[in-house]
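Beneath this line is the structure, given in structure tokens, with notes to follow.
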Amino acid sequence: MKNQVVIVTGGSKGYGAGIAAVLKGQGAKVWITGRDEVALVAAAQRLGVGSVVADVASGSDWDRVFETVLAAEGRVDVLVNNAGAAISIKPLAGQSDEDIARSIAVNLTGSLLGCKRAAAVMKGQGSGTIINVSSVCQKYAWPGWSVYSAAKAGLAQASKSLYCELRESGVRVTTLIPSWGATEFTSTTDDLVEAPSNDPAVRAQCTKPEELGEVVAHICNTPPHLEVLEYTVVPMVQEIMPL
């Protein structure tokens with residue numbers, strides 16, 4: 001990863017901060033994005049990385065991210081579309097129209113906007129890696145996760161299609177599929193849906209941000225002539241027996 005230029009969205013906390021820390025530690029030139037300027041700047045200073053305040057659901061914000069990074073570094077080697085949010089995890093009939101639209105925007109549209117810009121840059125370079133962070137919700141079904149699951153399943157399918165579009169240009173696209181993580185992600189879930197337990201003994205066995213960062217580094221360090229289409233990470237403490 002030495003001197004590789006990396007953009008990590010949602011980098012101020014959770015998985016994003018863990019990914020940024022690991023890649024920075026391996027010598028990458030890392031830039032993180034996020035909507036909360038105070039949290040983003042604090043994380044960037046702590047990690048020793050660059051930062052751009054941006055909402056992934058905004059095309060103009062994405063333009064500013066790429067303009068800033070390209071002006072500073074001259075290229076983009078890796079895009080990690082990590083930003084995502086539970087928004088409203090509850091039965092579909094109880095969700096507002098606004099929450100449904102926002103969930104799709106943050107968990108699907110935002111990544112596609114980033115992929116569009118990264119694809120143009122990386123195709124011109126003749127190399128690059130795009131990692132779209134999805135969820136096991138794309139594979140399985142739980143009550144309350146319908147909108148989020150639809151967004152993540154859409155992202156996974158879009159990733160496959162994008163790989164087909166970019167393969168001959170030497171650009172790789174991977175769908176990273178994590179499950180329970182030791183992060184703040186599920187704070188918006190209600191009591192009717194399955195989410196990681198707050199029991200410290202259980203959370204200690206969930207995927208930690210830096211552990212997912214190691215997975216991202218492994219994908220990036222795969223020989224450039226090989227493609228990792230999907231990479232699923234599930235903590236053994238979680239029993240998965242849904243539809």
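Under the 4.5 Å side-chain criterion, counting only non-hydrogen atoms from C-beta, Met1 is in contact with Val6. When side chains are defined from C-beta on, Arg172 does not count as touching Val228, because their heavy atoms never get closer than 4.5 Å. Between Val65 and Thr9 the shortest side-chain heavy-atom distance does not fall below 4.5 Å. Put simply, the side chain of Ser96 does not reach to within 4.5 Å of the side chain of Arg102, judged on heavy atoms. When side chains are defined from C-beta on, Pro91 does not count as touching Pro143, because their heavy atoms never get closer than 4.5 Å. Two residues are said to be in side-chain contact when any heavy atoms from C-beta on lie closer than 4.5 Å; Thr33 and Trp62 fail this criterion. Within the 4.5 Å cutoff, the side chain of Gln26 has heavy atoms near those of the Glu214 side chain. Looking only at side-chain heavy atoms (C-beta outward), Lys139 and Ile240 stay at 4.5 Å or farther from each other.
Under the 30°/60° scheme for interplanar angles, the aromatic rings of Trp145 and Tyr148 are found to stand perpendicular.
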Residues 109-121 side chain polar contacts: donor-acceptor under 3.5 Å, at least two apart:
from, atom 1, to, atom 2, distance (Å)
Arg117, NE, Asp63, OD1, 2.7
Arg117, NH1, Leu113, O, 3.0
Arg117, NH2, Gly59, O, 3.3
Arg117, NH2, Asp63, OD1, 3.3

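A distance-only check finds no donor-acceptor pair linking the side chain of Asp77 to the backbone of Gly128 [under 3.5 Å]. No donor-acceptor pair closer than 3.5 Å links the side chain of Ser103 to the backbone N or O of Ile100. Using a distance-only test at 3.5 Å, with no hydrogens or angles considered, no donor-acceptor pair links the side chain of Lys24 to the main chain of Leu47. Between the side chain of Glu210 and the backbone N or O of Val22, no donor-acceptor pair lies under 3.5 Å. Proximity of a side-chain donor or acceptor of Gln95 to a complementary backbone N or O of Ser88 within less than 3.5 Å is detected. A distance-only check finds no donor-acceptor pair linking the side chain of Gln205 to the backbone of Met236 [under 3.5 Å]. The main-chain N or O of Val133 is found under 3.5 Å from a side-chain atom of Lys152 such that the two form a donor-acceptor pair. Here the side chain of Asn132 pairs no donor or acceptor atom with the backbone of Asn81 at under 3.5 angstrom.
One finds the CZ atom of Arg75 at 4.0 Å from the CD atom of Gln125 (value rounded to the nearest 0.5 Å). Taken from CD in Gln45 to CG in Leu40, the straight-line distance is 10.0 Å, to the nearest 0.5 Å. Summarising the geometry, atom CD1 belonging to Ile131 is positioned 9.0 Å from atom CG belonging to Leu79; distances are rounded to the nearest 0.5 Å. To the nearest 0.5 Å, atoms CD1 (Ile89) and SG (Cys137) are separated by 7.5 Å.
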Please test Leu166 against Ile130 for side chain to side chain contact (heavy atoms under 4.5 Å, CB included), starting from the C-alpha separation and ending with a verdict.
-> CA-CA 10 Å; Leu166 298 177; Ile130 298 172; 4.3 Å; yes
What do the steps show when you test Leu176 against Leu212 for side chain to side chain contact (heavy atoms under 4.5 Å, CB included), and what is the final call?
-> CA-CA 9 Å; Leu176 176 54; Leu212 198 70; 4.0 Å; yes
Starting from the C-alpha separation in whole Å, work towards a yes-or-no answer on side chain to side chain contact (heavy atoms under 4.5 Å, CB included) for Phe66 and Ile7.
-> CA-CA 9 Å; Phe66 272 85; Ile7 298 173; 4.2 Å; yes
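The two residues Ile104 and Ala151 come nearest to each other via the heavy atoms CD1-CB, 4.0 Å. Nearest heavy atoms, Arg46 versus Ser12: NH2-O, 4.3 Å. Across every non-hydrogen atom of Leu92 and Ser146, the tightest pair is CB-OG, 3.7 Å. Across all non-hydrogen atoms, the minimal contact from Gln138 to Thr175 is OE1-CG2, 3.7 Å. Of all non-hydrogen atoms in Gly16 and Val8, the two that sit nearest each other are O-CG1, 3.7 Å. In terms of heavy atoms, Pro209 sits closest to Gly14 at CB-O, 3.2 Å.
In terms of hydrophobic clustering, with Ile, Leu, Val, Met, Phe, Trp and Tyr side chains grouped at heavy-atom distances under 4.5 Å, Val215 and Val30 are assigned to a common cluster. Connection of Leu70 to Val171 is established within a shared hydrophobic cluster, with ILVMFWY side chains joined at heavy-atom distances below 4.5 Å, either directly or through further cluster members. Residues Ile32 and Val56 are members of separate hydrophobic clusters, defined by side-chain heavy-atom contacts under 4.5 angstrom among Ile, Leu, Val, Met, Phe, Trp and Tyr. Taken together through direct or relayed side-chain contacts under 4.5 Å among Ile, Leu, Val, Met, Phe, Trp and Tyr, Val53 and Val41 form parts of separate hydrophobic clusters. When hydrophobic clusters are built by joining Ile, Leu, Val, Met, Phe, Trp and Tyr residues whose side-chain heavy atoms come closer than 4.5 Å, directly or via intermediates, Val5 is not grouped with Val49.
When each of Val136, Ile177, Thr207 is tested with Val234 by the rule side chain to side chain contact (heavy atoms under 4.5 Å, CB included), just one qualifies, namely Val136.
Legend: residues meeting salt bridge (Lys or Arg N to Asp or Glu O under 4.0 Å) with Arg35, ordered by chain and number and at least two apart, are absent.
With salt bridges taken as basic N to acidic carboxylate O contacts below 4.0 Å, one links Asp61 and Arg64.
No more than 12 heavy atoms of other residues, nucleotides or ligands shown are found within 6.0 angstrom of CD on Glu37.
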